[in-house]
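A quick write-up on the structure given underneath.
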Amino acid sequence: MKSTLNDLKNRVQAALAGAFGADYRDHDPLLVSTNNPKFGDYQANVAMSLAKPLKSNPRAIATQIAEHLKVSDICEPPSIAGPGFINFKLKTEYLEAQLESMHSSDRLGIATAEPPQKIIVDYPSPNIAKEMHVGHLRPAVIGECLARVVEFLGHDVQKVSHIGDWGTPFGMLIAYLQEAYPDPQAAAEASTSGELATFYRQAKKRFDEDEVFKENARQAVVKLQAGDTEVLEAWKRVCQLSKRSYRKIYDLLSISQDIVDRGESFYNPFLPAVITDLKETGLLVEDNGAQCVFLEGFTNKDGEALPMIVQKSNGGYNYSTTDLAALRYRINEDQADRIIYSTDAGQSNHFAQIFQVARRASWVPENVDLSYAPFGLVLGEDGKRLKSRSGEAVPLKELLDEAIARTRTDVENRLTAEERTESDAFIQNVAEKVGIGAVKYADLSQNRVSDYTFSYDRMLDLKGNTAPYMLYAYVRVRGISRKGEVDFAQLDAQMKLTEESEFILAKHLLQMDLVLDDVERELLPNRLCQYLFELSQKFNQFYDRCPVLQAPEPIRTSRLVMCDLTARSLKLGLFLLGIDVLERM
RNA sequence: GGAUCCUUAGCUCAGUUGGAUAGAGCAACCGCCUUCUAAGCGGUCGGUCACAGGUUCGAGCCCUGUAGGAUCCGCCA
């Protein structure tokens with residue numbers, strides 16, 4: 001199925017070439033959707049921009065372009081308005097035909113990327129010795145969404161979690177495991193059934209109260225890095241324990257199963273080469289015993305170039321070294337065409353530095369795209385970084401459980417008010433899907449780069465740009481299918497658009513491909529949220545004004561197809577956001 | 001001292017390569033359920049796009065400066 005925008009673009013370009021010569025064959029026609037329906041559906045703004053080079057007035061240019069346009073199969077005759085806008089209004093038959101081919105496509109007529117790229121998508125990088133907290137919410141939700149979008153568009157996606165699995169906090173857990181479960185059998189059992197949070201709390205307690213334990217923990221780190229077999233065994237147990245705990249939360253959040261964990265331990269063998277290769281490029285400088293690369297455009301208080309330390313004076317490596325090793329691995333071993341880094345905006349300096357060093361070392365080929373997608377902080381309602389009462393980061397589990405509990409209360413109240421009775425399993429499922437969906441949607445629906453204020457009341461609002469509103473729109477469509485006992489998939493699409501609200505909905509349905517391209521390019525999930533919110537609104541208007549099941553044929557079938565396309569678009573869109581739909585709620 | 005991001009309606013936010021009259025939601029107020037779930041729809045109210053210059057046929061968007069806010073800055077990640 002052809003994209004209307006691209007199709008029209010090509011035709012305006014052809015008209016440009018016809019009017020002003022072959023040089024204009026590839027000229028950007030500045031074709032965009034109109035922001036006001038009275039100007040039609042699309043407008044070309046190119047005439048104004050050509051006024052100066054062609055030394056003519058824009059309206060005359062627009063007229064010349066219009067004379068060469070061949071668009072009668074798609075649009076009404078184009079009109080010229082204002083200073084020189086060329087306006088296009090799509091023909092009804094064209095819209096109907098587009099809807100029919102969309103209906104017959106199992107991916108709603110959305111084309112796959114050509115050529116597909118190998119894309120690495122970042123997932124959260126927690127220190128896995130600790131329980132997941134609110135700081136991991138955004139990278140999980142955003143990473144999952146970006147991965148699903150580029151995957152749907154046909155790219156080969158590798159999901160990577162750059163976990164912290166080698167540092168000091170591990171010494172504490174290893175020492176605790178060895179102390180509390182000296183018997184290997186018991187240790188194995190504890191790591192397959194225990195809770196990471198409990199483990200961490202108890203280990204921390206021991207660490208704070210006992211000097212001997214503290215020393216044991218330090219020794220454990222040293223032994224671990226020296227490759228001591230027993231300690232390595234204990235370390236593996238702790239990693240397993242973490243993985244299980246993390247998976248539980250990821251499952252609750254519907255985060256992909258196929259994430260690859262590559263942490264500090266994974267990159268250990270590659271760290272020395274980072275230093276030796278940097279040395280070869282001549283970028284490496286020794287300063288106060290540390291190996292550094294002096295940066296361009298980053299200065300200290302005295303205006304001197306700032307170093308990026310890649311090897312500490314004690315010979316140890318740090319996060320810059322690991323990030324450089326990871327970048328190299330992704331390019332050389334994974335053969336990535338595009339690497340999507342998504343971290344909190346506080347690390348943008350750090351990544352700008354990493355990218356600079358990698359580029360200056362010529363480690364990044366021309367055709368590899370390093371996409372940096374920073375995100376803002378999660379704030380509490382006081383406008384400050386979200387913290388628990390005790391000042392610690394809020395555990396993610398608590399945050400999500402609270403959202404589910406609040407949703408459950410809402411659902412129960414509504415059921416009582418409507419005198420409906422539903423099973424406990426039904427209520428719990430709705431509470432989970434709506435509650436988790438609301439948390440994710442609240443995060444994704446805002447511009448990624450800005451900080452956002454976490455508010456249960458706002459995200460669980462049944463009205464407005466929220467997950468519940470959209471999930472309800474989906475439920476309404478499914479209700480029509482149930483009530484009318486219509487199998488949407490079996491419909492023979494013969495479209496017949498009549499009412500204004502049908503046209504509005506139809507035109508919106510046909511623009512999902514543009515939105516996904518936009519998300520792929522800009523890495524802004526809120527564009528997709530905006531699209532889905534508008535789709536829900538437009539469907540609700542259609543639902544309000546156009547009876548479906550009672551309508552006479554052929555209108556009835558046509559409207560049923562509209563319902564089906566809306567349902568499938570909502571379902572796909574929400575899926576790409578990582579949100580599950582419900583049939584009833 | 002430097003770097004990055006931000007400042008749009010009372011509140012929370014959109015605003016797509018610069019395009020026609022700057023948009024939503026919430027809150028407030030007024031309407032609409034014998035008809036597919038009213039968790040819905042329609043309407044009213046609400047703006048010096050932080051400020052000042054500049055570029056342009058055209059600026060919320062690009063450039064410069066100012067004010068305010070957030071985050072980060074040599075051996076933590």
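Throughout, a chain's letter reflects where its sequence line sits, starting with A, and its residues are numbered from 1. Quick caveat, the model's predicted, so the values are computed rather than measured.
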Tell me what A:Gly346 touches on the nucleic acid: a base, only sugar-phosphate, or nothing, going by heavy atoms under 4.0 Å.
-> sugar-phosphate
Are A:Phe298 and the base of B:A3 stacked, counting only ring centres nearer than 5.5 Å and planes tilted under 30°?
-> no
A:Asp451 near the nucleic acid: base, sugar-phosphate alone, or nothing, with a heavy-atom cut-off under 4.0 Å?
-> sugar-phosphate
Secondary-structure stems for RNA chain B, with pairs counted as Watson-Crick or G-U when both distances are under 3.5 Å and runs at least 3 long | B:1-7 with B:67-73, B:10-13 with B:23-26, B:28-32 with B:40-44, B:50-54 with B:62-66
Name the nucleic acid region contacted by A:Val32, choosing base, sugar-phosphate or nothing; use a 4.0 angstrom heavy-atom cut-off, strictly under.
-> base
B:C13 phosphate, OP1 or OP2, under 4.0 Å from A:Gln446 side-chain N/O | yes
Find the distance A:Tyr441:OH to B:G25:C1' and express it as a whole number of Å.
-> 10 Å
Provide, to the nearest angstrom, the distance between the CZ atom belonging to A:Arg448 and the C1' atom belonging to B:U4.
-> 14 Å
Base, sugar-phosphate alone, or nothing: which one does A:Ser348 contact when heavy atoms must sit under 4.0 Å apart?
-> sugar-phosphate
Quantified in whole Å, what is the C1' atom distance between nucleotide B:A9 and nucleotide B:G54?
-> 29 Å
NA contact type, A:Gln537, heavy-atom cut-off 4.0 Å: base, sugar-phosphate, or nothing?
-> sugar-phosphate
Think A:Tyr469 has a side-chain N or O under 4.0 angstrom from the OP1 or OP2 of B:C41?
-> yes
Touch check for A:Cys546, heavy atoms < 4.0 angstrom, all strands: base, sugar-phosphate only, or nothing?
-> base
Per the atom types in the model, does the base of B:C72 pair as donor or acceptor with the side chain of A:Asn349 at under 3.5 Å?
-> yes
Name the nucleic acid region contacted by A:Gln43, choosing base, sugar-phosphate or nothing; use a 4.0 angstrom heavy-atom cut-off, strictly under.
-> base
Does A:Thr557 use its side chain to pair, donor to acceptor, with the backbone of A:Pro554 at less than 3.5 Å?
-> no
So, A:Phe533 and B:A24: ring centres less than 5.5 Å apart, planes less than 30° off, yes or no?
-> no
Salt bridge (charged side-chain N to carboxylate O under 4.0 Å, His left out) contacts in which one or both residues fall within residues 427-452 of chain A, not counting sequence neighbours = A:Arg138-A:Asp443
Give the nucleotide from the list B:U35, B:A77, B:A27 with an atom nearest to the side chain of A:Tyr319.
-> B:A77
Separation of B:U17 atom P from A:Asp518 atom CG, nearest Å, is 9 Å
Is A:Gly164 touching bases, backbone alone, or none of the nucleic acid, heavy atoms closer than 4.0 Å?
-> nothing
When all nucleic acid strands are considered with a 4.0 Å heavy-atom cut-off, which category describes A:Pro307: base, sugar-phosphate, or nothing?
-> base
Checking all strands, does A:Val477 fall into the base, sugar-phosphate, or nothing category for heavy-atom contacts under 4.0 angstrom?
-> nothing
What's the CZ-C1' distance between A:Phe542 and B:C41, to the nearest Å?
-> 14 Å
With a non-hydrogen cut-off below 4.0 angstrom, is A:Ala51 in contact with a base, only sugar-phosphate, or nothing?
-> nothing
Can you tell me how far P in B:C51 sits from the matching atom in B:U56, rounded to whole Å?
-> 23 Å
Ring centroid separation A:Phe454 to A:Tyr456 under 6.0 Å = yes
What nucleic acid atoms does A:Tyr543 come within less than 4.0 Å of, heavy atoms only: base, sugar-phosphate, or nothing?
-> base
If you look at every strand shown and take non-hydrogen atoms under 4.0 Å, does A:Arg584 touch a base, only sugar-phosphate, or nothing?
-> base
Taking the side chain from A:Glu264 and the backbone from A:Asp165, do they hold a donor-acceptor pair closer than 3.5 Å?
-> yes
Among A:Phe351, A:Phe375, A:Tyr372, which residue meets the ring-ring contact (aromatic ring centres under 6.0 Å, His included) test with A:Tyr341?
-> A:Phe351
Phosphate OP1/OP2 of B:C6: any A:Asn447 side-chain N/O under 4.0 Å | no
With sequence neighbours left out, the residues meeting side chain to side chain donor-acceptor pair (under 3.5 Å) with A:Gln446 are none
Ignoring backbone atoms, establish whether A:Arg385 has a side-chain N or O less than 4.0 Å from OP1 or OP2 of B:C72.
-> yes
Counting just side-chain N and O atoms, does A:Lys463 come under 4.0 Å of either OP1 or OP2 of B:A38?
-> no
Centroid-centroid distance, A:Tyr317 to A:Tyr267, less than 6.0 Å = no
Using a 4.0 Å heavy-atom cut-off across all strands, classify A:Leu31 as base, sugar-phosphate, or nothing.
-> base
So, is A:Asn35 near the phosphate of B:U16, with a side-chain N or O under 4.0 Å from OP1 or OP2?
-> no
Quick one: are the ring centres of A:His508 and A:Tyr531 less than 6.0 Å apart?
-> yes
Under-4.0 Å side-chain N/O to phosphate OP1/OP2 contact, A:Asn540 with B:C41 = yes
Taking A:Arg556 for the side chain and A:Leu549 for the main chain, is one N or O donor matched with an acceptor at less than 3.5 Å?
-> yes
